[in-house]
Each structure stands twice: as C-alpha cells, then as structure tokens.
Amino acid sequence: MHNLKEIRKDFKDFKNKLQYRKVDIDIENLKRLDEVNRELIQKKEHLEKEKKDISKSKDESLFKKSKEISNDLDKILDDQKKIKKELDDILSSIPNIPHRDVPNGKDENDNIEISKSGKIPKFNFKPKTHYELGEKLKMLDFDLATKTTGSRFVFVKDKLALLERALSNFMIDKHIGNNGYQEISPPLIASENTMFGTGQLPKFENDQFEIKFEEGSDRKFLIPTAEVILTNIVKDKILNLNDLPMRYVASTPCFRKEAGSYGKDTKGMIRQHQFYKVELVSIVEKDKCSEELERMTNCATGILDDLNLPYRKVILCSGDMGFSAEKTYDIEVWIPSEDRYREISSCSSCSTFQAVRMKTRYKNQNKESVNVGTLNGSGLAIGRTLIAIMENYQQKDGSIIIPEKLRPYMNNFEKISLN
RNA sequence: GGAGAGAUGGCUGAGCGGUUGAAAGCACCGGUCUUGAAAACCGGCAAAGGGGCAACUCUUUCCUGGGUUCGAAUCCCAGUCUCUCCGCCA
C-alpha cells in the first residue's frame with residue numbers, strides 16, 4: 001500500500017508512474033477525498049480539544065456545552081470514518097510502483113532476457129513430455145487424482161515421490177547451509193488480515209481458497225505461497241536495526257484456484273491447484289532492497305546450477321509484474337518437450353509496499369521509525385523442478401537419470417526406471 | 001466438550017473515574033568513570049495522525065466495538081484472542 005503522505009507531494013507524478021503498470025486512477029477524486037479527510041480531522045480535533053478543556057476545568061456551568069459538542073462530534077467522526085474508509089479502499093487496490101530499472105511494457109512479451117546459463121540437452125530421439133514419462137513409469141497418476149479430488153491435481157508415486165521429497169530437502173539444506181536462511185515450518189492457513197498484508201486481498205480474492213471455519217471466526221485462507229505467512233512474521237512489529245536482515249526459508253504446499261487460466265496448461269503438472277514450493281523471504285532495510293534482490297536471485301539460480309538444468313533470467317516488464325512488486329526477476333528453466341523456457345522461480349522486491357500494509361517498521365540510525373523492505377522468491381518451485389529434471393534427464397527408454405547432487409537424498413539411486 | 005484466569009509501551013509488570021501517555025524493572029541510546037570493556041552513576045527513550053518553513057504544537061491510542069459520565073486504562077454490555085485445569089484425540 002502506498003503512503004498517502006508521499007502521494008500528496010505530487011499527485012500527478014503518482015498517476016503517471018502508475019500508467020507504467022497500465023493502471024489508471026481517478027487522481028482528482030483521491031485528492032479531493034484526502035482534502036476532505038484532513039478538513040474533518042481538523043474540525044474533529046478542535047472540538048475534542050474544547051471538550052477536553054471543559055472536562056479539565058471541572059466547571060459545572062460548562063458541562064452542558066460539552067454535551068452539545070459530543071453530539072456534533074459524533075456526526076463529524078462518522079463522516080470522517082466514511083471518507084477514510086473510501087480512501088483506504090482505493091489505496092489498498094493500487095499496485096506498487098515499478099522500480100526505475102524496470103522496463104516499460106504491456107505483457108510477458110515485453111519482458112527482457114538478462115542472461116542464459118547451462119547447456120540445452122540434445123536428444124537423438126523425440127523427447128517426451130513429463131506426463132508421458134511419468135505415466136509410463138506409473139509414477140504420475142492424473143486420473144486417480146481426478147477421481148479422488150478433481151482436475152488440476154496429481155498423485156506422485158514411488159521414486160518420483162521420493163524425488164520430490166529429495167528436491168525439497170536438498171534446496172532447504174542449501175539455503176540454510178550456504179545462504180543464511182532460517183528454516184520455518186509455518187501454518188498453511190492464513191487469516192484475512194495476513195492475506196491483506198502481502199497483497200493477496202482484497203483484490204485477488206478469486207484466486208484464493210477460503211476455508212470454512214467456525215461460525216463467527218475470522219476468515220481463513222489456504223496460503224497460495226509461503227510468502228504470505230513468512231512475510232507476515234513481522235506484521236505489526238517495530239524491529240531493531242540489528243534484527244535486519246531477516247531471512248526465512250520454508251517448503252510448503254501452495255494452493256491456488258488458477259481462476260482465469262482455463263484451458264492453459266491443462267495437461268501435466270505445470271499448473272496445479274496444489275504444489276510444493278521452497279520459498280525465500282527477506283526482511284531488510286528499506287534501501288537494501290535492490291542489493292537483496294540480486295542476492296536472492298542468485299540463491300535461486302544456484303540451485304539450478306547445482307542440478308545442471310539450463311535456464312535463463314528475465315526481468316519482468318512493468319505490465320507483467322505482480323501487484324506488490326516493484327521489481328521482479330523470473331528464472332525460467334528449459335523444458336525440452338515444449339522447446340522453450342518456463343518459469344520456475346520468481347524473485348521480487350516489494351520495497352515498502354507490503355510493510356505499509358503490515359505495519360512493519362524498524363528504527364533507523366536517527367531513531368525514526370521507517371517501513372522495512374520485503375522480498376520474496378521461489379527457491380524453487382518443486383513441481384516444476386521435478387518436471388524439468390524428468391524432461392532434461394530423460395533417456396531413450398523412458399528412464400530418468402538422477403542429478404548427482406540429489407543422489408545422497410535418494411538412497412544413492414542413479415536412475416528412475418520402470419522396474 | 002466442562003470449569004476458571006487474563007489481554008496495559010520493544011519485553012516484564014503497576015495502575016483510586018479527573019496533570020496517567022501511563023509507576024517500576026529489563027532492553028536500547030547518549031554521557032561520566034576506565035588504557036579498553038564490564039560494573040556503577042547521570043540523562044534520554046511509544047506510536048499513528050493533523051497543523052506549521054521551522055522551533056514547535058494539537059488529537060488519538062492501555063485487545064476490538066458499543067454504552068454510562070462534564071470526564072474512562074479504570075464502571076457496564078457484546079465480541080475476539082490467549083492461558084490454566086479436566087475430558088477427548090493426533
């Protein structure tokens with residue numbers, strides 16, 4: 001969420017910057033609401049002062065007056081609350097402003113490739129898709145999932161299930177051991193306010209799975225990513241400078257409705273309602289965001305390097321970024337059957353955007369309280385890493401070689417094959 | 001599910017309806033002392049919002065929402081959350 005005080009400095013400029021994101025706002029309305037709001041606050045404060053003075057004076061002859069003031073005050077307060085709510089509603093649905101490094105663009109076609117890494121495998125046969133491979137091996141079962149649950153779910157079985165688990169452990173170990181992250185095993189359900197904090201609500205409610213809880217309790221949602229719950233660890237906190245940076249890693253299932261992607265990636269496990277993901281979250285000083293984003297992205301690509309998977313790094317254009325992000329790198333892994341790269345990680349700096357929503361601050365050198373910067377990134381999406389390994393390491397006979405670094409996590413198996 | 005207890009500043013923890021934004025301790029920051037550090041001592045230390053070029057000033061906030069009152073952290077009502085004991089269960 002944006003700080004109104006900052007916007008106030010230059011409304012036009014704010015509107016212009018938002019146009020990079022293809023968002024058009026009624027800036028005159030915002031300006032008007034802000035003015036009315038402040039007028040009402042002033043009126044309110046004057047009356048409150050008057051009332052306070054009367055009660056301090058303990059002069060009985062003024063008590064009646066005080067009562068009258070109370071009545072006026074009720075109305076003003078009411079009006080002010082309404083305006084404030086209107087203002088908050090508008091502000092909470094405006095996305096973050098792109099960082100100056102971010103290329104201007106409309107959609108994913110305007111994203112810019114930054115680097116490429118790894119060798120794209122050459123096959124002397126036609127490479128199969130991961131679902132062909134998985135079904136042949138009898139280790140991916142989509143039909144079974146349809147029966148028990150519905151579409152966009154899958155049963156992963158046997159050695160592939162082990163591979164999935166191995167990937168999670170391998171990645172977490174590395175982020176703890178080499179990259180300085182602290183492991184967290186968090187709740188997979190988040191409250192409404194928590195979802196608001198990272199920006200999933202109120203605008204993207206349709207993408208979320210809401211849980212039916214007890215009547216009268218707060219609304220609860222399955223987390224669409226561990227980012228939500230890890231970032232909100234610092235919600236409503238004032239941190240000390242020496243608490244920063246804070247770095248958390250968690251491997252969790254993620255739940256997404258994928259509303260609006262009907263017909264997209266319907267085959268296979270590229271796009272599921274439920275998938276595992278290892279997530280990295282950093283809480284840093286406001287002006288260390290860019291630095292941390294580079295660091296985090298390197299933590300993610302480090303995993304792909306270890307697994308010898310070919311990938312490329314892309315910077316998202318202004319039109320393709322997520323709601324809370326000011327700057328995002330996508331890491332895309334090579335998928336042989338599609339003959340192209342597919343997103344396997346997305347690392348974003350959210351500047352102070354989420355911190356304002358969460359009310360997370362720290363005391364800087366001058367003892368002023370300042371909103372922190374927050375970052376999140378996948379390190380990596382487990383399901384898609386599984387796909388990438390299956391497809392890139394596939395053999396002519398449909399077996400899959402296990403990358404060396406994973407073998408210690410897999411009873412030293414070298415290969416996954418039918419028998 | 002049954003029975004109780006509680007919710008106050010970064011943390012612990014006092015608080016009679018009227019200089020209580022709130023005692024005290026810890027933590028933190030500055031200073032004295034010290035070769036340096038520790039200890040000791042002195043001082044400082046809430047957030048949000050409004051007004052002002054600024055110095056500064058005002059308002060709000062003691063879980064949330066109502067109510068009583070000239071005046072509420074303190075009284076009343078409702079709700080939320082937390083903890084303890086018993087039962088049940090992973």
Side-chain angles (χ1 to χ4, degrees), chain A residues 1-11 30-92 185-197 210-221 229 232-246 253 283 285-286 352-372:
Chain A
M1 193 148 76
H2 297 284
N3 190 334
L4 190 53
K5 261 190 195 168
E6 296 297 318
I7 300 175
R8 197 139 65 209
K9 286 180 190 161
D10 193 341
F11 282 98
L30 192 67
K31 196 170 166 185
R32 202 202 88 237
L33 285 171
D34 178 43
E35 276 160 13
V36 173
N37 182 236
R38 283 187 294 157
E39 270 167 38
L40 288 171
I41 287 173
Q42 283 179 49
K43 267 194 208 164
K44 180 190 90 154
E45 290 185 353
H46 282 135
L47 291 177
E48 276 168 347
K49 172 99 168 86
E50 206 174 324
K51 226 178 109 170
K52 207 172 181 178
D53 288 341
I54 292 175
S55 109
K56 264 191 187 156
S57 75
K58 298 184 200 174
D59 180 347
E60 286 188 44
S61 67
L62 294 171
F63 286 177
K64 201 174 160 202
K65 175 96 189 287
S66 178
K67 267 232 130 122
E68 283 165 18
I69 294 175
S70 289
N71 290 334
D72 295 348
L73 207 49
D74 278 349
K75 170 141 187 6
I76 290 172
L77 212 65
D78 212 49
D79 290 349
Q80 194 265 332
K81 273 187 186 164
K82 270 186 207 143
I83 298 283
K84 183 73 171 56
K85 168 128 191 356
E86 219 176 310
L87 219 38
D88 282 342
D89 285 350
I90 292 172
L91 287 175
S92 62
S185 174
L188 305 179
I189 293 176
S191 67
E192 185 176 13
N193 181 261
T194 293
M195 294 285 278
F196 176 84
E210 183 168 2
I211 299 288
K212 249 198 183 158
F213 239 65
E214 290 191 50
E215 219 49 54
S217 84
D218 278 357
R219 299 176 73 193
K220 312 272 191 214
F221 299 83
I229 206 94
N232 275 281
I233 288 175
V234 295
K235 179 171 80 174
D236 290 321
K237 279 218 158 207
I238 301 177
L239 303 163
N240 288 317
L241 191 54
N242 53 19
D243 293 331
L244 303 174
M246 298 165 83
I283 314 293
E285 285 170 63
K286 181 187 165 138
T352 58
F353 187 84
Q354 294 178 322
V356 173
R357 296 176 153 245
M358 296 190 299
K359 301 187 176 64
T360 307
R361 292 144 291 173
Y362 67 99
K363 294 280 188 186
N364 68 9
Q365 287 86 346
N366 304 327
K367 305 197 77 183
E368 300 154 330
S369 62
V370 184
N371 288 112
V372 297

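Below, chain A is the first sequence line, B the second, and so on; all start at residue 1. Just so you know, these numbers use all the heavy atoms, side chains as well, and skip hydrogens, waters and symmetry mates.
- B/C11 and B/A27 have their C1' atoms separated by 7 Å, with the value rounded to a whole Å.
- Within the 4.5 Å cutoff, no side-chain heavy atoms of A/K67 are placed close to those of A/N71.
- Nucleotides B/G65 and B/A72 place their C1' atoms 15 Å apart, quoted to the nearest Å.
- Look at NZ on A/K84: it is 13 Å from C1' on B/U60, rounded to the nearest Å.
- In plain terms, the two heavy atoms of A/L91 and A/H2 that are nearest each other are CD1-O, 4.3 Å.
- For the pair A/N371 CG and B/A47 P, the interatomic distance rounds to 13 Å; values are reported in whole Å.
- For NZ of A/K235, the number of neighbouring non-hydrogen atoms (other residues, nucleotides, ligands) closer than 6.0 Å is greater than 12.
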What's touching nucleotides 48-52 of chain B from the protein side, N or O pairs under 3.5 Å?
from, atom 1, to, atom 2, distance (Å)
B/A48, OP1, A/S369, OG, 3.0
B/G49, N2, A/E45, OE2, 2.9
B/G50, OP1, A/R8, NH2, 2.8
B/G51, OP1, A/R38, NH1, 2.9

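- Atom P of nucleotide B/A47 and atom CG of A/L239 are separated by 14 Å, given to the nearest angstrom.
- By the 4.5 Å heavy-atom criterion applied to side chains, A/T360 and A/T352 are not counted as neighbours.
- Closest of all the heavy-atom pairs between A/K44 and A/L73 is O-CD1, 3.7 Å.
- Separating the P atom of B/U80 from that of B/C29 is a span of 42 Å, rounded to the nearest Å.
- Taking atom P in both B/A48 and B/G10, the straight-line distance is 11 Å, to the nearest Å.
- For A/E35, the salt bridge (charged side-chain N to carboxylate O under 4.0 Å, His left out) test picks out no residue, with sequence neighbours left out.
- Rounding to whole angstrom units, NZ of residue A/K363 and P of B/G44 are separated by 17 Å.
- Spacing between atom CG of A/D53 and atom C1' of B/U19 amounts to 13 Å, rounded to whole angstrom units.
- With pairs defined as Watson-Crick or G-U wobble and both atom distances under 3.5 Å, the stems of at least three pairs that touch RNA chain B come out as B:1-7 with B:80-86, B:10-12 with B:24-26, B:28-32 with B:40-44, B:46-51 with B:56-61, B:63-67 with B:75-79.
- In this structure, A/D243 and A/V234 have side chains that are not in contact, with every pair of non-hydrogen atoms separated by 4.5 Å or more.
- In this structure, A/D243 atom CG and B/G10 atom C1' are separated by 9 Å, rounded to whole Å.
- Scanning all heavy atoms of the two residues, the minimum distance from A/R361 to A/V372 falls at C-CG1, 4.1 Å.
- A heavy-atom distance below 4.5 Å is found between the side chains of A/K5 and A/R8.
- One interatomic measurement links the two molecules: CD1 of A/I238 to C1' of B/A27, which rounds to 14 Å at whole-angstrom precision.
- In this structure, A/K52 places its NZ atom 12 Å from C1' of B/G18, rounding to the nearest Å.
- Comparing the C1' positions of B/U61 and B/U74 gives an interatomic distance of 16 Å, to the nearest angstrom.
- Applying the ring pair (Phe, Tyr, Trp, His ring centres under 6.0 Å) test to A/Y362 and every residue at least two apart in sequence or in another chain returns nothing.
- Going from the C1' atom of B/G43 to that of B/C77 covers 46 Å, rounded to whole Å.
- For the residue pair A/P186 and A/I229, the shortest heavy atom distance occurs at CB-CG2, 3.5 Å.
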Under 3.5 Å, N/O pairs linking protein and nucleotides 63-70 of chain B:
from, atom 1, to, atom 2, distance (Å)
B/C70, OP2, A/K67, NZ, 2.9
B/C70, O2', A/S66, OG, 2.8

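- A distance of about 28 Å separates the P atoms of B/G15 and B/C70, rounded to the whole Å.
- Checked against salt bridge (charged side-chain N to carboxylate O under 4.0 Å, His left out), A/K31 has no partners two or more places apart in sequence or in another chain.
- Nucleotides B/G2 and B/U8 have their C1' atoms positioned 31 Å apart, rounded to a whole Å.
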